[in-house]
Amino acid sequence: MIVLGGGAAGLMCAIEAGKRGKAVIVLDHNKEIGEKIRISGGGRCNFTNLSMSSDHYVSRNPHFCKSALARFTPHDVILMMEKHGIRYYEKEEGQLFCKGSSGEVIRMFQRECSDAGVDVFTRCRIDSIRKEGRFIVGTNFGTVESSSLVIATGGVSYPKLGASDSGMRIATQFGLKVTALKPALVPLTFGKGDLKNLGELSGVSLDAIVICNKSRFEGKILFTHRGLSGPAILQSSLYWEKGNPVTIDLLPGKDPYSLFIARHGSKMKIENLLSAYLPGRFAKKWCELSIKPKPMNHYTERELREIAHRLRHWQIIPEGTEGYAKAEVTLGGVDTEELSSRTMEANKVPGLYFIGEVMDITGHLGGYNLQWAWSSGYAAGQYA
Ligand SMILES: Cc1cc2nc3c(=O)[nH]c(=O)nc-3n(C[C@H](O)[C@H](O)[C@H](O)COP(=O)(O)OP(=O)(O)OC[C@H]3O[C@@H](n4cnc5c(N)ncnc54)[C@H](O)[C@@H]3O)c2cc1C
């Protein structure tokens, strides 16, 4: 069996096939395997999430991922980590991170590959692929052939780490559909006007609820020198389309109208009241942009109700995203309609498999993308 791509999905698949006694080679054009594992989770690899369901995945077919996720679960990943003595901790909302570094996960895969008899070739350029009964892959090291070929070349994001659209091009070469691709889990950028008004808030972060195209995410938002980032914004980028607003509740779980009414008799400025709940720099800027400055006791109740509403529904229309260079994942990929959800094999091309991020399955932030890579790799590894 030939696996193209020595990332999370390819390595898992190779190990599983190796354990079944298959002769397996992994080909990767990078100098090292698992480069994205290395940088994942800020170097600590958020390797899974205890709260697992298909609701955390975006795909044209939201049901496709269920079968593989049920056969290799977060619990199975944990067992694998524990077997190798990798210590981990739960950061928030079920997100599991390594206590040490993501290098431990890569070393775990290297050991598992060697135990399963998997041969890994790095710095290996793929020059051609054709099928003449068997798959024949031309590389800078020569030609290799096999009855099964697993494409685990990942998404397009982070090209500086060797990411490429090779997997999608291979799918097209074999007549399989690929859905539209776009960067996701990516910071959103301001248009000119917002950048002028809000650019100076770079570095400010606050707790919020972000709603985009009916999807709702609670968490931190962070102002950058180009726009907005932070977990709640990255999540909403999975659903954002050009022209869409993002609506931000700046005071989640609070009732700003009641806060105002409690001080309605005072001469306090609203920005000072808000500074108790929001970062001072932000409260000042938001008031400057959104309300007429006057003492609290000069506002009518109706005006206060209106200001409270604006605080819970602050709208920004992003200009764009920071693109593939900064995106954690690629949304879209090989259409799941073309693949078996049990084996990941292409329905039209026996022996050809697609696993991991190259497929049109994208997880939320929080360990879901690596879990998909492990689960889909495991599934294909039982059959390929
Ligand atoms: C900065 C960052 C942080 C992230 N953090 C997390 C996290 O904490 N938790 C999480 O769940 N997800 C995280 N992700 C997403 C996660 O890393 C990916 O979804 C996951 O690695 C995908 O696994 P994969 O095996 O499908 O692809 P990859 O891990 O990208 O592996 C693909 C492999 O294929 C190789 N390749 C590509 N093209 C070719 C070619 N033409 N010839 C030969 N080899 C090729 C590449 O070199 C690479 O080794 C993060 C992503 C980024 C960019």
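Counting starts at 1 for both ligands and their atoms, in listed order.
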For atom 30 (O) of ligand 1, which protein heavy atom lies nearest, and how many Å away is it? Lys36 CD, 3.6 Å
Ala8 N/O to ligand 1 N/O under 3.5 Å: yes
Kindly identify the option in Thr153, Leu370, Asn49 whose heavy atom sits closest to atom 12 (N) of ligand 1. Leu370
Of the side chain and backbone of Ser166, name the one, both, or neither that has a heavy atom under 4.0 Å from an atom of ligand 1. side chain
Of all the non-hydrogen atoms in the protein, which one sits nearest to atom 49 (O) of ligand 1, and at what distance? Asp28 OD2, 2.5 Å
Does Glu303 come within less than 4.0 Å of Arg305, counting only side-chain N to carboxylate O? no
min-distance protein heavy atom vs atom 34 (O) of ligand 1 -> Gly5 CA, 3.3 Å
Where is the tightest heavy-atom contact between Ser102 and Ile37, given as atom of each residue plus distance? CB-O, 3.2 Å
Give a yes/no on ligand 1: does Ala163 have at least one heavy atom closer than 4.0 angstrom to it? no
Backbone, side chain, both or neither: what part of Phe47 comes under 4.0 angstrom of ligand 1, heavy atoms only? neither
Please report which non-hydrogen protein atom sits nearest to atom 44 (N) of ligand 1, along with the residue it belongs to and the distance in Å to one decimal place. His29 N, 3.1 Å
Does Ser40, backbone or side chain, put an N or O under 3.5 Å from an N or O of ligand 1? no
Does Cys124 reach ligand 1 with a nitrogen or oxygen that is under 3.5 Å from one of the ligand's nitrogen or oxygen atoms? no
Among protein heavy atoms, which sits nearest to atom 9 (N) of ligand 1, and what does the distance come to when rounded to 0.1 Å? Asn46 O, 2.9 Å
Nearest neighbour of atom 13 (C) of ligand 1 from the list His364, Met12, Glu328, on a heavy-atom basis: Glu328
What part of Ala373 sits under 4.0 Å from ligand 1 if we count only heavy atoms: the side chain, the backbone, both or neither? side chain
Looking only at protein heavy atoms, which one is nearest to atom 19 (O) of ligand 1, and what is the separation? Glu357 OE1, 2.6 Å
Return yes if some donor-acceptor pair links the side-chain N/O of Thr153 with the main-chain N/O of Gly167 below 3.5 Å, else return no. yes
Heavy-atom distances under 4.0 Å are what count here, so tell me which part of Ala152 touches ligand 1: side chain, backbone, both or neither. backbone
Leu11: which residues meet the side chain to side chain contact (heavy atoms under 4.5 Å, CB included) condition with it, sequence neighbours left out? Ile33, Phe109, Cys113
